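All residue numbers in this chain count up from 1 along the given sequence. Just so we're clear, the structure is a prediction, and the values are computed from it rather than from any experiment.
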Amino acid sequence: MDSKTKPLDTFNTFLFDGDGVIYKENSPLPGGIEFIKLLQKREKKVFVLTNNSTKTRDEFKAKFSALGLNLPLESILSSAYLTAHYLSTEKSSARVYVIGEEGLKKEFVNFGVEVINRNEETNEEDIFSLNMDNIDYVVTGMDRGLNYVKISRAVNILMSYKETKFIATNADFTFPTVHGLIPGGGAMIKILEELSGRKVEKIIGKPNSEMFEIAMELSQTNKEQMIMFGDRLETDILGANLAGIKTCLVLSGVTSMKDLVDLKDDNSPDLIMNSLQDAYDSFL
Ligand SMILES: [Mg+2]
């Protein structure tokens with residue numbers, strides 16, 4: 001641990017990324033669940049800030065519960081939830097075409113956002129069978145069911161209707177699985193940008209400030225007493241640094257030692273640990 005940095009016990013609010021930090025898919029990573037349980041026992045505040053857009057908050061709560069961790073719904077800040085909240089406040093009954101998984105669509109529906117491709121048929125002969133008029137937003141998130149028809153529809157909407165806004169839940173290029181990295185939400189953005197000639201207009205997830213601001217508001221804590229644990233430099237670490245929150249990079253996800261040679265000031269972590277096991281051990 002960096003000797004200049006205060007021990008973890010001086011913090012009272014702990015922010016965690018999910019994938020690559022607490023778990024990879026459904027497998028817990030070393031020390032994560034144990035560390036968070038210990039924090040809860042010591043009455044520290046815990047928030048999960050995840051760019052993962054594939055689940056509703058309820059589904060995340062259930063996922064944590066299956067891992068043996070009880071987290072209140074309010075402490076789970078996901079990019080799907082924040083995007084749903086954003087769309088519902090920007091425009092009442094917004095009509096949206098979604099490149100994303102069922103959890104994202106479900107979260108939109110929970111907020112009264114109209115998902116025009118809720119139960120989408122993707123027969124190649126029938127690309128234009130969907131009514132694509134008057135769509136307010138095309139929204140992207142990681143979509144493991146992405147296919148030619150969905151890409152064609154999203155690109156057609158973006159090219160045909162300049163007034164339709166192009167929004168992304170997150171821009172993470174990769175997603176860590178137990179077998180290795182696969183394309184994440186950022187890859188969906190790149191595909192649509194390349195093919196439509198349009199640029200994404202807003203990205204909701206980290207490193208943007210929204211999630212950090214909501215965590216600060218809910219925790220009622222000074223940012224000096226908050227620390228963010230993340231595995232991705234350009235989202236978790238950069239975002240927390242920009243928000244003035246201390247950072248700890250864990251090497252259990254997408255970043256490895258060799259990625260640390262060309263760190264820039266704004267994505268340099270205050271601490272580096274192999275996994276949350278180190279945090280747990282130092283906190284006992
Ligand atoms: Mg991560």
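Residues forming a side chain to side chain donor-acceptor pair (under 3.5 Å) with S275 (at least two apart in sequence, or on another chain): none. Take R42 and apply the salt bridge (Lys or Arg N to Asp or Glu O under 4.0 Å) test, not counting sequence neighbours, and it matches no residue. Residues satisfying the ring-ring contact (aromatic ring centres under 6.0 Å, His included) criterion with Y161, sequence neighbours excluded, are absent altogether. With sequence neighbours excluded, no residue forms a salt bridge (Lys or Arg N to Asp or Glu O under 4.0 Å) with K63. Qualifying salt bridge (Lys or Arg N to Asp or Glu O under 4.0 Å) partners for E114, counting only residues two or more places apart in sequence or in other chains: R95. The side chain to side chain donor-acceptor pair (under 3.5 Å) check on D259 picks up S256, with sequence neighbours excluded. Y23 meets the ring-ring contact (aromatic ring centres under 6.0 Å, His included) test with F64; sequence neighbours excluded. Partners of D278 by salt bridge (Lys or Arg N to Asp or Glu O under 4.0 Å), not counting sequence neighbours: none found.
Side-chain contact check for I76 versus K61: some heavy-atom pair is nearer than 4.5 Å. Counting only heavy atoms from C-beta outward, the side chains of L233 and P269 approach each other to under 4.5 Å. In this structure, I151 and L195 have side chains that are in contact, with non-hydrogen atoms separated by less than 4.5 Å. When side chains are defined from C-beta on, S160 counts as touching N156, because their heavy atoms get closer than 4.5 Å. You'll find the side chain of T174 reaches within 4.5 Å of the side chain of R232, heavy atoms only.
How far SG of C248 is from CG of D270: 9.0 Å, rounded to the nearest 0.5 Å. Rounded to the nearest 0.5 angstrom, L82 CG and L49 CG are separated by 8.5 Å. Taking OG from S152 and CG from L130, the interatomic distance works out to 12.0 Å, rounded to the nearest 0.5 Å. In this structure, OG on S92 lies 12.0 Å from CG on L87, to the nearest 0.5 angstrom. Note: S252 OG to L276 CG = 6.0 Å, rounded to the nearest 0.5 Å. Taken to the nearest 0.5 Å, the OH atom of Y86 stands 12.5 Å off from the NZ atom of K91.
Looking only at distances, a side-chain donor or acceptor of N267 sits under 3.5 Å from a matching main-chain atom of K264. A donor-acceptor pair under 3.5 Å is formed between the side chain of N170 and the backbone N or O of D172. For K150 (side chain) and G145 (main-chain N/O), a donor-acceptor pair under 3.5 Å exists by modelled atom type. The main-chain N or O of A80 is never found under 3.5 Å from a side-chain atom of K55 such that the two would form a donor-acceptor pair.
Salt-bridge check for E74 with R57: failed, with every basic side-chain N at 4.0 Å or more from each acidic carboxylate O. With salt bridges taken as basic N to acidic carboxylate O contacts below 4.0 Å, none links E101 and K106.
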Acceptor/donor pairs from residues 13-20 side chains to any protein atom, 3.5 angstrom cut, sequence neighbours excluded:
unit_1 : atom_1 : unit_2 : atom_2 : d
T13    : OG1    : T221   : OG1    : 2.9
D17    : OD1    : K206   : NZ     : 2.9
D19    : OD2    : N52    : ND2    : 2.9

Please table the atom pairs, donor to acceptor, closer than 3.5 Å between any side-chain atom in residues 185-194 and protein atoms at least two apart or in another chain.
unit_1 : atom_1 : unit_2 : atom_2 : d
K190   : NZ     : E193   : OE1    : 3.2
E193   : OE2    : V200   : N      : 3.0

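By the 6.0 Å and 45° rule, K246 does not stack over the aromatic ring of F11.
If you chain together hydrophobic residues whose side chains sit under 4.5 Å apart, Y280 and M228 never meet in one group. Following chains of ILVMFWY side-chain contacts shorter than 4.5 Å, one can reach I22 starting from M273, so the two form part of one hydrophobic cluster. A continuous path of hydrophobic side-chain contacts links F212 to F47 [ILVMFWY only; heavy atoms under 4.5 Å]. Residues V96 and V138 do not share a hydrophobic cluster, defined by chaining ILVMFWY side chains whose heavy atoms lie under 4.5 Å apart.
Remark: aromatic rings of F283 and F35 are close, center separation under 6.0 Å. Checked against the 6.0 Å centroid threshold, F111 and Y81 count as a close aromatic pair.
Residues D231 and T255 bring no donor and acceptor atom of their side chains to less than 3.5 Å of each other. Checked by atom type, the side-chain pair E120/Y97 shows a donor-acceptor distance below 3.5 Å.
Grouping Ile, Leu, Val, Met, Phe, Trp and Tyr by side-chain contacts under 4.5 Å, direct or through others, leaves L29 on its own. M142 belongs to a hydrophobic cluster whose other members, connected by ILVMFWY side-chain contacts under 4.5 Å either directly or through intermediates, are F175, I182.
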